[in-house]
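Only one structure is covered here, and it is reproduced in the block below.
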Amino acid sequence: MAFPINALVQETTHFKPLPQAALRLVGILGREDWAPEEVIDVVKHDPVLTGRVLGAANSATFSGKAKILSLEEA
């Protein structure tokens, strides 16, 4: 069963654009030779990503004994 192209185009208008930081991360992580410093540099300039990374690093699943306070530690 073919999906009408007009319906597909109409559905894509509801997509939210990806943040610039996310697009940069996709580009970096898509390479085989990426370095952690590149990821940190992108994340540290995006407050939402910084909060999410630190939140994940300090979550019960990933945290150790000490609280993680920097992206480098995370």
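Just the heavy atoms: all of them, side chains too, but no hydrogens, waters or symmetry mates, feed the values below.
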Check your understanding: Judged by atom type as modelled, is there a donor-acceptor pair below 3.5 Å linking the side chain of N58 to the main-chain atoms of I68?
Key -> yes
Study note, to complete from the structure: Here the gap from E73 atom CD to K67 atom NZ, rounded to the nearest 0.5 Å, amounts to 11.5 Å
Practice item. Please tell me if the side chains of V43 and L25 come closer than 4.5 Å, counting only heavy atoms from C-beta onward. Key: yes
Study note, to complete from the structure: Minimal heavy-atom distance between V53 and A74, with the atoms involved, is CG1-CB, 3.7 Å
Review point. Does V42 belong to the same Ile/Leu/Val/Met/Phe/Trp/Tyr cluster as L29, with side-chain heavy atoms less than 4.5 Å apart forming each link?
Key: yes
Exercise for review: Please report the shortest heavy-atom distance between D41 and R24, naming the atom on each side.
Suggested key: OD2-NH2, 4.1 Å
Review point. Between E38 and D33, does a side-chain contact (heavy atoms from CB on, under 4.5 Å) hold up when you go through it step by step?
Key: CA-CA 11 Å; E38 293 177 281; D33 64 338; 6.0 Å; no
Review point. When hydrophobic residues are tied together by side-chain contacts of less than 4.5 Å, even through go-betweens, does I40 share a cluster with W34?
Key: yes
